[in-house]
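A quick write-up on the structure given underneath.
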Amino acid sequence: MPHESVPARRSLLKLLAAAPAASALGGLATAAPATAATAATVPGIVKPTPPELFTIRGTNAESRFDAFRSTGLLTPTDRFFVRNHTSTPVLDAATWRLTLWGDGLHGRGPVHLTYGQLRDLPSVTRTALVECAGNGRSLYATQQGETVSGTAWTLGAVGAARWRGARLSDVLRRAGIAADAVDVQPRGLDDEYVTGGVNLGRVRRPLPVAKALDDVILAYEMNGEPLPYDHGYPVRVVVPSWVGIASVKWLGDIEVSTTPLSSPWSTDHYRLFGAAHPPGGSAPITRQTLKSGYELPFGTTLEAGRVHRLTGRAWSALAPVRGVEVSTDGGALWRPARLLDAPRRDGWVRWTVPWRPRRTGPATLLSRTTDAAGNIQPERAVHNTQGYLFNAVVRHPVVVVRDGEPPRTFV
Ligand SMILES: Nc1nc2c(c(=O)[nH]1)N[C@H]1C(S)=C(S)[C@@H](COP(=O)(O)O)O[C@H]1N2
Ligand SMILES: [Mo]
């Protein structure tokens, strides 16, 4: 467990990163923690992102999938991926307001809610994964030889947390949502996003009323603590089973509309474009897909002649996981892995399989999820130009070495 071997400096950073808790309870000043001078930070991300837990990709921090090995069903904040279009704003719950507005409200005028008023509404607690639509994107290139644009995630743009908050449906009803409202559009308080010289405005994406009234949460707690700054403090949207972009962080306002809404995040991005898709692109993507992965670094070494207890995770946004099969010989022979958790919706299951490699040299480990709706990870994912929804079986390279050879990592 590499994260536990790093000495005291980390505990100090953890304390600093826990600042939202103090500010929510005691009204302390909410200045950004003074971690900028340490190596383990990324500009724009407040919490430490040490290399044993994260891979930095621009303004984003990808979780190392092998760092999930020592965790349970929930992903601790210290290793939960961060996807920021710009940078984490350090907001103050005491002055925060949520504004609901638009022609889809009875009263027409805007409605405001304070943090206290939101917390006074009945709360719900549920586990849900947040997973970027582009999780696994780099595998389109490395595994399928296809060109895609966007952040080159491997498998670590996903995490599971226990979210507590108010139901979006309660908030919408309280604000007076009209019967003929069709879309709502949450928007973040982070900076406007400028890309290729074009200002796309603040991060926002329409959500159909049917989903908004179903199981969406306005979350103020993550794993029993106030939301960390990087994950949306003081309030974020959590849209279970949908692509991560729907779960808007640092929520500031929600437009409620009787006509369909759009944003660059539902028109130019987060649709499927390419030869296999309709000419103008698919409808905006909604649900995530299914995946699985080994909790090992790519290219890691394993000793020949001894039994390795390989572990991994499997998840599906479409139905509970039914089973996981693995192959340790590049896909010729498959056998079932043992599931360590009862499959449930919106979570992942841990699995394990023993492997005693005999021959030294490169080997390819594969894993394949099947879910209760009969979905199964295909051999190839259907290409789309922006590399969304990668669902294919991942070919995980390892190197088997002779007993006693010093461990090395081949990338
Ligand atoms: N306001 C705001 N919300 C946002 C984003 C953002 O940059 N700004 N990124 C989105 C994307 S693309 C993803 S995948 C998830 C990531 O959530 P996390 O950083 O808490 O893991 O947040 C979403 N919500
Ligand atoms: Mo994302």
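Just follow the structure's listing: the first ligand is 1, and inside any ligand the first atom is 1. Treat the numbers as computed from the prediction; the structure is a model and nothing was measured. Computation of the quantities below employed the complete heavy-atom set of this structure, encompassing side-chain atoms and omitting hydrogens, waters and symmetry-equivalent molecules.
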Checklist entry - Can Trp96 and Tyr220 be said to form a ring pair (Phe, Tyr, Trp, His ring centres under 6.0 Å), step by step? => result CA-CA 12 Å; Trp96 179 85; Tyr220 40 74; 9.5 Å; no

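A cation-pi contact links Arg368 to Trp334, judged by a cut-off of 6.0 Å to the six-membered ring centre and 45° from its axis.
Ring geometry for Tyr270 versus Tyr388: interplanar angle under 30°, hence parallel rather than tilted (30 to 60°). Phe298 and His396 have tilted rings, their planes meeting at an angle from 30° to 60° on a 0 to 90° scale. Note: Trp315 and Phe65 have parallel aromatic rings, judged against thresholds of 30 and 60 degrees for the angle between ring planes.
Looking only at protein heavy atoms, the nearest one to atom 2 (C) of ligand 1 is Asp190 OD2, 3.4 Å. Atom 9 (N) of ligand 1 has its closest protein heavy atom at Arg83 O, 3.3 Å. At the shortest separation from atom 21 (O) of ligand 1 among protein heavy atoms lies Phe81 O, 2.7 Å. In terms of protein heavy-atom proximity, atom 3 (N) of ligand 1 is closest to Lys249 N, 2.9 Å. With hydrogens left out, the protein atom closest to atom 15 (C) of ligand 1 is Gly244 O, 3.6 Å, a heavy atom.
Contact annotation: Arg236 has at least one heavy atom less than 4.0 Å from an atom of ligand 1. For the ligand labelled ligand 1, residue Tyr270 lies inside the 4.0 Å heavy-atom shell.
Side-chain atoms of Asn60 come within 3.5 Å of backbone N or O of Arg57 as a donor-acceptor pair. Judged by distance alone, the side chain of Glu221 and the main-chain N or O of Pro226 form no donor-acceptor pair under 3.5 Å. A donor-acceptor pair is defined here as one N or O able to donate and one able to accept, closer than 3.5 Å; such a pair exists between the side chain of Asp341 and the backbone of Arg350.
In terms of polar-atom proximity, Ser247 is counted as a contact of ligand 1, with an N or O under 3.5 Å from an N or O of the ligand. In terms of polar-atom proximity, Thr86 is not counted as a contact of ligand 1, lacking any N or O under 3.5 Å from an N or O of the ligand. Considering backbone and side-chain atoms alike, His85 places an N or O below 3.5 Å from some N or O of ligand 1. Close N/O approach between Val203 and ligand 1 is not found [any backbone or side-chain N/O within under 3.5 Å].
Atom numbering of ligand 1 starts at 1 in the shown order; those under 4.0 Å from a heavy atom of Asn84 are 7 (O). The Phe80 neighbourhood of ligand 1 comprises atoms 21 (O), with distances under 4.0 Å to a heavy atom of that residue. Under a 4.0 Å criterion applied to the non-hydrogen atoms of Val82, ligand 1 contributes the atoms 19 (O). Under a 4.0 Å criterion applied to the non-hydrogen atoms of Gly188, ligand 1 contributes the atoms 1 (N).
With values rounded to the nearest 0.5 angstrom, Leu129 atom CG is found 6.0 Å from Trp348 atom CH2.
For Trp265 and His85, the ring centers sit closer than 6.0 Å to each other.
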